[in-house]
Number of protein chains: 2
Amino acid sequence: MEMAQDRELVEQWRDIQSAYFRTAGAIDRELEAKFNIGLNEFEILDLVADNADACRMKQLGQRTPMTQSALSKVVDRLQKAGLISRQSCEDDRRSLFLELTDAGRALHADAAVAHRTLLQENLSQPS
Amino acid sequence: MEMAQDRELVEQWRDIQSAYFRTAGAIDRELEAKFNIGLNEFEILDLVADNADACRMKQLGQRTPMTQSALSKVVDRLQKAGLISRQSCEDDRRSLFLELTDAGRALHADAAVAHRTLLQENLSQPS
DNA sequence: TGTCATTAGATGACACGTCATATAGATTGA
DNA sequence: TCAATCTATATGACGTGTCATCTAATGACA
């Protein structure tokens, strides 16, 4: 027997899902169309842009729900796209520093505007 | 220049993402471990269980953020797992009715309990 | 009735995420 | 100093989602 409380829970969950998919989808489509990068790529750019320098992969991993291997592959793509560079790190040669390239910084500046705009449009919207 | 309002937006967005990933991940792992189905499979089972009979693919598509083709493949898997059956529909032979098998109904009953429990644990939690 | 457009659903190529594992460097302790 | 262990990151096999397209059935209209 389904309880009323259960229905509320399920509805709350659907709201979260719906907000998430609507927003993520909208951002992803626009970033893809205008800047040729996906949402995950943008979020990494955004984190790296924020941390300026001294940004290790490991630290990034803690600021995103992405898996370590997903992160590694996203960075691969960003690097292939010439938006980010991996700098090997002297005091621990297993680590890598990430740094935006000039192209990366430029693209991030524009994409961030689109990103914030879409967040605003979608998060304030009724579910 | 980054505005304070933007930071709030981005934080709100991260909260949604985090709630979504934490909850979806927890449910998915548990359903996978105990019942050998994923979250999407469960959600379809759950919708079909709710709609009882007269449940067309098309209608399902409107109640989930899944793509039509994703839905088709999820139903494939559920059918292969013997949990659901596709019944062809007399008055429109392009349509299909979906129906839980006995195994499907049994699994859904158990899985729904786990599902609701995990929703409760995760949605009430602080982000 | 015959053609054209539309609709329900399936499918194949492809992209991406995940898990398990590999690799290489760091650290510990005998 | 060597072996064992641990840690940071990369990689390959695999599953699943997406987009574009296909097929078959329906509807509309001349």
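Just so we're on the same page: letters track the sequence lines, and every chain starts at 1. Predicted model, so just to flag it, every value in this text is computed and none were measured.
- Taking atom CD on B/Gln62 and atom P on C/dT7, their separation rounds to 12 Å, with Å as the unit.
- B/Arg93 places its CZ atom 14 Å from the C1' atom of D/dG27, with the value rounded to the nearest Å.
- Remark: C1' of C/dT23 and CG of A/Asp92 are 14 Å apart, rounded to the nearest angstrom.
- Between A/Gln79 atom CD and D/dT9 atom P there is a gap of 14 Å when expressed in whole angstrom units.
- In this structure, B/Asp46 pairs ionically with B/Arg116, as a charged nitrogen and a carboxylate oxygen lie closer than 4.0 Å.
- Taking atom CD of residue B/Glu90 and atom P of nucleotide C/dA8, one finds them 18 Å apart after rounding to whole Å.
- Atom-to-atom, OH of A/Tyr20 to P of D/dG17 comes out at 14 Å; the value is rounded to the nearest Å.
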Q | Base versus backbone protein contacts along nucleotides 10-19 of chain C [heavy-atom cut-off under 4.0 Å; B, S, -] | A | BBBB--SSBB

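- On a pure distance criterion of 3.5 Å, no polar donor-acceptor pair joins the side chain of A/Arg94 and the base of D/dT9.
- Using a cutoff of 4.0 Å between basic side-chain nitrogens and carboxylate oxygens, B/Arg105 and B/Asp102 are scored as salt-bridged.
- Using a 4.0 Å cut-off between charged side-chain N and carboxylate O, A/Arg56 and A/Asp91 make a salt bridge.
- Between B/Trp13 and A/Glu43, the side chains place a donor N or O and an acceptor N or O closer than 3.5 Å (distance only, hydrogens not considered).
- Comparing atom distances between the B/Arg56 side chain and each of D/dT7, D/dA25, C/dG9 picks out C/dG9 as nearest.
- Atom C1' of nucleotide D/dA25 and atom CG of B/Asp91 are separated by 12 Å, given to the nearest angstrom.
- Between the side chains of A/Gln87 and A/Ser85, at least one donor N or O sits under 3.5 Å from an acceptor N or O.
- Note on B/Asp92 versus B/Lys58: no salt bridge recorded, every NZ/NE/NH1/NH2 to OD/OE distance being 4.0 Å or above.
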